[in-house]
Amino acid sequence: MIQKRYHPQDIEKKWQARWLARNAFAADNSDARPKCYLLEMFPYPSGDLHMGHVRNYAIGDVAARVKRMQGFNVLHPIGWDAFGLPAENAAVKNRTHPAAWTYANIANMRAQMLRLGYSYDWPREIATCRPEYYRFEQAFFLRFLQKGLAYRKTAPQNWCPSCHTVLANEQVLDGLCWRCESRVTQKNLTQWFLKITAYGDELLNDLALLEGGWPERVIAMQRNWIGKSAGASVKFPLEKPVGDARDIEIFTTRPDTLFGVTFMTLAPGHPLAERLAGGREKAAEVRAFVERARGMDRLARQDDTLEKEGVFTGTCALHPLTGERVPLWLGNFVLADYGTGAVMGVPAHDQRDFDFARKYGLPVRLVIRPDGEFPDPERLEAAWTGQGRMVNSGRFDGMESGPGGKAVAELLKKEGKGGPAVQFRLRDWNISRQRYWGAPIPVVYCDRCGLVPEKEENLPVVLPLDVTMGDDGRSPLPGTEAFVNCRCPACGGEARRETDTMDTFVESSWYFARYTDARKTDAPFDEQALRRWLPVDLYIGGVEHAILHLLYARFFTKALRDLGFFPPELSEPFARLLTQGMVLNKGRKMSKSKGNVVDPTEMTDKYGADTVRMFCLFAAPPERDFEWSDAGIEGSSRFLHRVWRLFAEEKERILPLGACESGDGDAANDDARDLRRREHLAVRKVGEDMDRFQFNTAIAAVMELVNALYLAREKLGDSPGERRVFSSAAATALTLLSPVAPHICEELWEASGHEGRLAEAAWPSWEAAATARDTLTVALQVNGRLRGTLEVGAGADKAALEAAALSAPAVRRHTDGLTVRKVIVVSGKLVNIVAG
RNA sequence: GCGAGAGUGGCGGAACAGGCAGACGCACCGGAUUUAGGAUCCGGCGGUUUACACCGUGGGGGUUCAAAUCCCCCCUCUCGCACCA
């Protein structure tokens, strides 16, 4: 029985209830079919789903539903990245508890997801704020600590005065806190770090494994972020030692220019900066410069237009190879936290050094000779930064830059003055947060034993929930006696717990693996389950996570592998990555402050989940940003109504699929054959497009098939053969559409008498014979310009085609009086006649 | 500046490997149906032109029988990185 009108709300709720009751999309770890692990980046439970979520999860859901129908054992889990700052902010603002706020949001967003009909494996749902989850993270931390992959160090940290927390360099955007956009200041603190730099080379090299599976630009971004450069380290001995320091070490990518050094520049923040000042007068000058540079630290220094400034310290170092005196300067363009905080000054071959030398009258010495010319160094207008032949470089004269630089580095090594070196831009990951709503770092401080890791059997170190957030937003943990006061795991005496919590990026660095056996209690993972499911076959999320999250997850995968948690052959967590574009409205990203948010719930209430899903997929290819359109979603709604009407109005004609399996004889006439052909073409096209994640064109192909069905119902008669052709095409349209609009398709499938669930039906296949045509339309060109078309029999050979083309009136009109020089025939497509 | 990507009708976008540019949808126009509106169904819809024809995928060159697609130069936009030694 099919109702006359399509009422999405009723049928959607009905199917959602059935799916939930049957755990319809739960994966079975012991299912022997080939696996497919599809994952979308899990959401932060911020309150409500927004359109970006809807799109992200719709993309993943269609992929999952297609793979299931194609016979794969599909894992498609969901969970909540549930620790984090917004919960604390909301708690302060609303006088509630971060946990209460978080769990309420999770309940709300879970309901919204269910309302959208996503085919998730709900029994595997996780929330990272639960001790059952973060206890394993604490265990990982202890193992990292054992292996030296976690360590403590005191360092100047980015400090957000508004959030009262340290930020990783990666979380500082243009000198502002990435969350609250407050101006970031510097503060010295002891922090916990994870040694991601130990994996710098592997993280870089393994990017090669991801080529083809990851977008090129994400790979490029990661490569730049890791920022490996090869060169040499060089020690310049100080003329007179300053305290313990006997030399200044620098790193250079251009050791071939070492003989061109005429000065050195240190960052104002270099540890020796002020102590280098020679003489009382210099000391004041240097101190003033350092003060000034500190004032414009970071933010100002990121300005391109910043004028290079410096001050001579009054002290010299000695050139390691020539022994010449090299004046030591401080310069505002040298960064204390990159490399060694000092650079050698080669004005002839580095533009910054050149500008600096010109400004302060320092000599310019040319040591690389560009081909064919030998400019006067005094008249140079810019540095020559290219490669070339070494000159004025003692025994290296005449060598090319590349080998010459290596030879210089080797000599330095031999003489104990440096040597070949590599430099990474990547720095260790600071995971300490002075926050409450995060996973406690499982260490204690004991007056007798010092720093003591918590014992693994004492995990989890549970985050206490009976706390009250103060108005200032500062962590209540240090003031929570019951948490802080504890027993030393080593001596049993009184001790204090670490009150810093972990960066929430730690939770999201391994959650994809936890899903493989999410309810396991005695260990984080089951080895068999890991081997079965990992790596994730397709990972879908926003490109804004291209660096941080994805790099950390890659690092964790390698580290957990080396710690024995992951199989030894697993090096990369995500085989394929799809970065979806943003949903814009009125040309801008949707945001509350801009007042251009479209609420998914409102849209679902108005049009139904199927329409919302369909529009999100139809409006643009997944990687591209798309513009929300109120008129556009009307179009999607109209289409689904049209599909419904086709089945409602043709219910007499439509047979269940089982009754329409048939031979070719059914295609009794041209119209039936044509519909059958379009059916098979649609199967081919949608299949190809689904494989390429081109959901927009897949939907377009289904629309074409539905349009063909509408036309066919006028043309086809009531013979059993014609009914079978019509019914088969209609069933196929439903099947192809079902991943995108599962509720309506499932309903119509059932209502038109099919057995079983459409979600469990096999993905249709197509036959080449059915897509063939009797006649083909061939384009006719004269000198590359379209002049007409020609209907020919499908079997026509080249000679026949050529002859037919040459005699076609449309062609003759343009070749009359000309000599035919050449005829190009592309079988079944076109004939181009070259005449002149 | 470096790296990556993009530029096609009024709009979102098609065209997978050089082969009929504009699939599909939105908007718009016409027709049918309707008391009317809406909904629906059918048809039209790049520009110039009465027509023949010509022009047309950011701009300019090139390769080719044939270019949105390949090559060179330039412009614009988006994203990422950026005084990186």
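What you see is a predicted model; the values in this text were computed from it and never measured. A, B, ... follow the sequence lines: proteins, then strands. Residue 1 opens every chain.
- Nucleotides B:A15 and B:U69 place their C1' atoms 9 Å apart, quoted to the nearest Å.
- Rounded to an integer number of Å, the gap from A:R223 CZ to B:C84 P is 20 Å.
- Comparing A:R642 and A:F618 against RNA chain B, the residue whose closest nucleotide sits nearer the 5' end is A:F618.
- Within the 4.0 angstrom heavy-atom criterion, only backbone atoms of the sugar-phosphate kind lie near A:T253; the bases stay farther away.
- A 3.5 Å limit on both hydrogen-bonding distances identifies no Watson-Crick or G-U partner for B:G9.
- In this structure, A:R812 places its CZ atom where only 12 or fewer heavy-atom neighbours from other residues, nucleotides or ligands lie under 6.0 Å away.
- As a whole-Å value, the separation of A:R785 CZ from B:A66 P is 11 Å.
- When the P atom of B:C84 is taken as reference, atom CZ of A:R427 falls 14 Å away, rounded to whole Å.
- In this structure, of B:C84, B:C24, B:G19, it is B:C84 that holds the atom nearest to the side chain of A:Y338.
- Using the Watson-Crick or G-U wobble rule with both distances under 3.5 Å, B:A85 pairs with nothing in any strand shown.
- Annotation: B:A6 and B:C72 have their P atoms spaced 15 Å apart (nearest Å).
- To the nearest whole angstrom, the two P atoms, one in B:G10 and one in B:G43, are 25 Å apart.
- Separating the CE atom of A:M690 from the P atom of B:C16 is a distance of 19 Å, rounded to the nearest angstrom.
- Using the six-membered ring where Trp is involved, A:H319 and A:F259 have ring planes that are tilted, between 30° and 60° apart.
- Base pairing of B:A4: its partner is B:U78, meeting the Watson-Crick or G-U wobble criterion (both donor-acceptor distances under 3.5 Å).
- Of the candidate nucleotides B:C81, B:A53, B:C41, B:A53 has the atom lying nearest to any side-chain atom of A:R813.
- Regarding the sugar-base torsion, B:A21 falls in the anti class, its angle being beyond 90° of 0.
- Counting any heavy atom pair closer than 4.0 Å across all strands shown, A:T777 reaches a base atom.
- As rounded to the nearest Å, B:G30 and B:A67 have C1' atoms that lie 37 Å from one another.
- Of the inter-residue distances, the one linking A:K4 atom NZ with A:R645 atom CZ reads 11.0 Å to the nearest 0.5 angstrom.
- For B:G9, the O4'-C1' to base torsion is within 90° of 0; the nucleotide is therefore syn.
- Within the shown strands, nothing qualifies as a pairing partner of B:G38 under the Watson-Crick or G-U definition with both distances less than 3.5 Å.
- Looking at the side chain of A:E216, the nearest of the listed nucleotides B:C41, B:C65, B:G5 is B:G5.
- What separates CG of A:D625 from P of B:G80 is a distance of 11 Å, to the nearest Å.
- Counting non-hydrogen atoms of neighbouring residues, nucleotides and ligands closer than 6.0 angstrom, the NZ atom of A:K829 reaches no more than 12 such neighbours.
- Between A:H814 atom NE2 and B:C52 atom C1' there is a gap of 9 Å when expressed in whole angstrom units.
- Partner assigned to B:A67 is none, using Watson-Crick or G-U wobble distances below 3.5 angstrom.
- Looking at A:N696 and A:F626, their side chains never come closer than 4.5 Å, going by heavy atoms from C-beta outward.
- Aromatic ring pairs are classed by plane angle as parallel below 30°, tilted from 30° to 60° and perpendicular above 60°; the pair A:W329 and A:Y360 is tilted.
- Among the heavy atoms of the strands, none lies under 4.0 Å from A:D355.
- A sub-4.0 Å separation between OP1 or OP2 of B:A14 and a side-chain N or O of A:N696 is present.
- Regarding A:K829, its NZ atom lies at a distance of 9 Å from the C1' atom of B:A17, rounded to whole Å.
- Look at CD on A:E704: it is 12 Å from P on B:A15, rounded to the nearest Å.
- Here CG of A:L830 is found 11.5 Å from CG of A:L790. Values are rounded to the nearest 0.5 Å.
- Counting only heavy atoms from C-beta on, A:A631 has its side chain closest to B:A27 among B:C84, B:A27, B:A21.
- Within the structure, every side-chain polar atom (N or O) of A:R787 is placed at least 4.0 Å from both OP1 and OP2 of B:C20.
- Regarding contacts with the backbone of B:C84, every side-chain N or O of A:N224 stays at 4.0 angstrom or more from both OP1 and OP2.
- At least one side-chain nitrogen or oxygen of A:R425 sits closer than 4.0 Å to the OP1 or OP2 atom of B:A82.
- Positionally, the nearest nucleotide of RNA chain B for A:H641 lies more toward the 5' end than for the other of A:H641 and A:V543.
- Of the nucleotides present, none pairs with B:C45 by Watson-Crick or G-U wobble criteria with both distances under 3.5 Å.
- Neither side chain, A:T340 nor A:E249, offers a donor N or O lying under 3.5 Å from an acceptor on the other.
- Base pairing of B:C52 is not made with any nucleotide, judged by Watson-Crick or G-U wobble geometry with both donor-acceptor distances under 3.5 Å.
- Remark: A:R638 is in phosphate contact with B:A27, judged by side-chain N or O atoms under 4.0 Å from OP1 or OP2.
- Taking side-chain N and O atoms only, A:H349 has no distance below 4.0 Å to OP1 or OP2 of B:A85.
- Within the nucleic acid shown, A:G635 comes within 4.0 Å of sugar-phosphate atoms alone, with no base atom in reach, counting heavy atoms only.
- At a threshold of 4.0 angstrom between heavy atoms, the contacts of A:V826 include nucleobase atoms, whether or not backbone atoms are also involved.
- Using a 4.0 Å heavy-atom distance criterion, A:R692 is classed as a sugar-phosphate-only contact.
- Look at the C1' atom in both B:G62 and B:G18: the space between them is 15 Å, to the nearest Å.
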Q: Go through the steps to decide whether A:E704 and A:K685 satisfy the test salt bridge (charged side-chain N to carboxylate O under 4.0 Å, His left out), and finish with yes or no.
A: CA-CA 11 Å; A:E704 284 186 79; A:K685 173 77 176 151; over 6 Å; no
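- Picking from B:G19, B:C84, B:G25 the nucleotide with the shortest atom distance to the side chain of A:Q781 gives B:G19.
- Ion pairing between A:D674 and A:R677 holds under the 4.0 Å rule for side-chain N and carboxylate O.
- Across all strands, A:E623 comes closer than 4.0 Å to no nucleic acid atom at all (heavy-atom distances).
- Side-chain N/O atoms of A:R624 include none lying less than 4.0 angstrom from OP1 or OP2 on B:G12.
- Using the Watson-Crick or G-U wobble rule with both distances under 3.5 Å, B:A23 pairs with nothing in any strand shown.
- For the P atoms, the distance from B:G31 to B:C79 is 47 Å, rounded to whole Å.
- Residue contacts for A:P621: at a heavy-atom cut-off of 4.0 Å it reaches the sugar-phosphate backbone alone, with no base atom in range.
- Taking every side-chain heavy atom of A:Y710 into account, B:C41 is the closest of B:C41, B:G19, B:A4.
- Using atom P as the reference point in both B:G47 and B:C65, the two lie 33 Å apart (nearest Å).
- Taking the P atom of each, B:U63 and B:A14 are spaced 31 Å apart, rounded to whole Å.
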